[in-house]
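Take a look at the structure set out below.
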Amino acid sequence: MDAKVMGRPRAGMSAKEVIARRVAQEIKPGMLVNLGIGLPSMVANYLPHDSGVYFQAENGVIGLGARPPEGMEDPHLTDAGGGFVTALPGAASIDSAMSFGLIRGGHLDMTVLGGLQVDERGYLANWMVPGKMVPGMGGAMDLVAGAKRVVVAMVHSAKGEAKIVPECSLPLTAMRRISLIVTELAVIEPTHEGLLLRERGPDVSIDQILAQTSARLIVDGDVPEMRIG
Amino acid sequence: MDAKVMGRPRAGMSAKEVIARRVAQEIKPGMLVNLGIGLPSMVANYLPHDSGVYFQAENGVIGLGARPPEGMEDPHLTDAGGGFVTALPGAASIDSAMSFGLIRGGHLDMTVLGGLQVDERGYLANWMVPGKMVPGMGGAMDLVAGAKRVVVAMVHSAKGEAKIVPECSLPLTAMRRISLIVTELAVIEPTHEGLLLRERGPDVSIDQILAQTSARLIVDGDVPEMRIG
Amino acid sequence: MRKAIRPEEAAELVPDGAVVLIGGFMGVGTPERMIDALVARGVKNLTVVANDAALPGRGIGKLVSAGAISRAIMSHIGLNPEIQQKMIAGEVEIELVPQGTLVERIRAAGVGLGAVVTATGIGTPVEEGKQVLEIDGKRYLVEKPIHGDFALIAAQQADYAGNLMYSLTAHNFNPIMALAGRTVIVEPEMIVPIGVIPPDAVKTPGVLVDHLLARAA
Amino acid sequence: MRKAIRPEEAAELVPDGAVVLIGGFMGVGTPERMIDALVARGVKNLTVVANDAALPGRGIGKLVSAGAISRAIMSHIGLNPEIQQKMIAGEVEIELVPQGTLVERIRAAGVGLGAVVTATGIGTPVEEGKQVLEIDGKRYLVEKPIHGDFALIAAQQADYAGNLMYSLTAHNFNPIMALAGRTVIVEPEMIVPIGVIPPDAVKTPGVLVDHLLARAA
């Protein structure tokens, strides 16, 4: 935990920090959680040190800890992005069959993933842009199909283009309604009736959210502001 | 290895000893072998101590050794029949998924099983007698379906009734042509043309074999006597 | 962190009629104290999924004798004459499953696969009533996953994070069943502080485990 | 007993055009000396089955740079721009497979199952051209096993019986691939005498292993 960051006034927060702080609130003690690489991996910075949360890296460790001090790296202990990590007391090494057995078998309480598009059905597209970016799905399809809760952490729109859309134009990651979308502007819950606006970002108005969202949002009564920082 | 047994003249051998000694000749150094309970388990007695053979017990050990001396039994180290065993140097503990993964995946070089009936197609029935004996198939179906070689070790006939029959009347263990039948009277190899008589038992004539066999046997040229003891 | 509970408390968690996966092979690697507590509480109508019925007086054999089982899914019952008598008398319904298929059906439930596709059982009574899939010219049975309401697991060592180690042939079905029980109750021979079991020695990660049984007093 | 061989000898065993399963995740747990020897011998037209293409200059990335790969079955290639360029140029054919499906398809080959039945990929491009099975009202893909002519495995420790141990996140695909290669070649960091590795510490039983690479001189 970084004291400077924790104490910084929210006015100075970056979009990514707002998102990571808000997602961190979704994580409860004792949960088994997988954080995707990039923005989702920042979430761990905003959990108390004694949170009792187990982080899983899909490459094979449960009980992932922070980056080791310089000179104490182990080439056999990395996260899914290949970065050096440590193992907390009670950590377990697992092979890829066990790792994805836990994911697909519903043993993973939550996964936090980035997103390219989420649509009104709550379906996520986050692994390819045909003709442009074909990196492979890695573990994303299993994570979205299998985790108990799927939280998508992403900036609300990309270069003025909406990412929360009526129907994904990009190839889906899974035909599964994800659990929650967290952006710097809003917290949105996909329900069987559609996308329910749960919270506004700090100092963000409902109109600002609607302006950057091409999907229909359900606005039901008062929409409180996120409580972060 | 029991020196007394090895030196005993074959005239004094029991039917089971003849069978076990002959089956032992099928086992080559370095093989992974599963021996069924009962008669098949006797086969290990007729292998040289330094045979380099790995015995697998399907309940979860590779590198099974003999019964431990009195007072040195470990309640966590038993064979598939529940009897106490030891672990040889280089032994490995495996769970049931790995154990049957090895069996079904073709990693087991040979299994030696008892038989109730074998028929002209080379199909084995060895796990139930409807209305009489329904103990369950245990690992037998996986063993017969998956092992590289399946050797059936059984007495040639039961109370005057042939066990090597035109077509099994008992429920099959698998629809797989087994590799070899070894009885006290004969060694028979199921082929796609039928049951080929390979060897005669000690001092046994072809007529004696045919008299106790209801299946058609292919007798092709000279049929040598088993070389045991 | 898992607080260790007494077997009597654990037995209270298992209601009559539950589907219970129980580790062990001929009684080796079976949680005996947990079974004793279930017998003591007089549990009824269990569906027991296990490799075998052990022997009378040992492991699952005690549940058989106590009349606690109304249905059993097992690969072998041949060494327990009591369960065979109850089967013939219609008191226990028995589904016999090839051992390798049984462990994979439990694994499939635990790791979120929709079915097991195996050649074992083709051309035998096991095939009856089951879907057959032809893949590249070979025939396979489609066998369904087996979930447990509970998995009752015997382990050699646990830590208070629930991480488990097993010993020799006492592994058998235990590591697989620990994946497939909605509630997983473990009877370890020893519980050690968190951090004592090296990550590479863990065979069942603690996140799968719900309850540990406290040491015998 | 397995005699340890030199990487050059091992590389001679792998013919051009072979299907090769290679352990590792972003280069962690990959048999580097084996790969160096394959590059040195100028192997061509490999089909490489692996989690990912690592990075240029590391693990499988070296095979990519050497032009040794004509086909790849992987879950992720995003961190290796070189293989992406070769894919676009039509020099490498790539089949992308979800990571959990990939490891189960390899496992299915190794443990003799006819297919993997998984919901992963339903409703996505992964579904195209595949058989769909409906089980209890839910749709699943039928995914075929992936066998390797060879499995190239990195282990932490081996004994001369071929028993293997792995370390931390260097496990990844290695224990599963060791089941599925017709010939299994292992590069251990250390080889110890038979009897030194306790049976309970073995993660890959030696009967699966064909060759061990000798220690670096």
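Numbered from 1 within each chain, the chains take letters A, B, ... in sequence-line order.
Within the 4.5 Å cutoff, the side chain of C:Q84 has no heavy atoms near those of the B:M133 side chain. The side-chain heavy atoms of C:M26 and B:T78, taken from C-beta on, include no pair separated by under 4.5 Å. Counting heavy atoms from C-beta on, the side chains of B:F100 and C:Q99 come closer than 4.5 Å. Looking only at side-chain heavy atoms (C-beta outward), B:D95 and C:I176 come within less than 4.5 Å of each other. Proximity of C:F25 to B:S99: side-chain heavy atoms (C-beta onward) are nowhere separated by under 4.5 Å.
Between chain B and the residues C:G29, C:G27, C:S167, the most heavy-atom pairs under 4.5 angstrom are made by C:S167. Counting heavy-atom pairs closer than 4.5 Å to chain C, the top-ranked of the candidates B:S93, B:A125, B:S96, B:A80 is B:S96. Options C:L96, C:N80, C:L55 differ in how many heavy-atom pairs under 4.5 Å they form with chain B, and the most are formed by C:L96. The choice from C:G121, C:A170, C:G123, C:P98 that makes the most heavy-atom pairs within less than 4.5 Å of chain B is C:P98. Comparing B:T173, B:I103, B:L172 by how many heavy-atom pairs each has under 4.5 Å with chain C, the most go to B:L172.
At distances below 3.5 Å, not a single donor-acceptor pair connects side-chain atoms of C:T169 with backbone N or O atoms of B:N59.
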side-chain contact (heavy atoms from CB on, under 4.5 Å) between C:H171 and B:M98, worked out: CA-CA 11 Å; C:H171 281 74; B:M98 175 64 94; over 6 Å; no

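If you measure heavy-atom distances from C:T101 to chain B, the contacts under 4.5 Å come from both the backbone and the side chain. Looking at C:E189, the atoms closer than 4.5 Å to chain B (heavy atoms on both sides) all sit in the side chain, from C-beta outward.
The shortest heavy-atom contact between C:V103 and B:A97 is CG2-N, 3.8 Å.
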Quiz: residues 134-147 of chain B side-chain donor-acceptor pairs under 3.5 angstrom, not counting sequence neighbours:
{"residue": "B:D142", "atom": "OD1", "partner": "C:T120", "partner atom": "OG1", "Å": "2.9"}
{"residue": "B:D142", "atom": "OD2", "partner": "C:G100", "partner atom": "N", "Å": "2.8"}

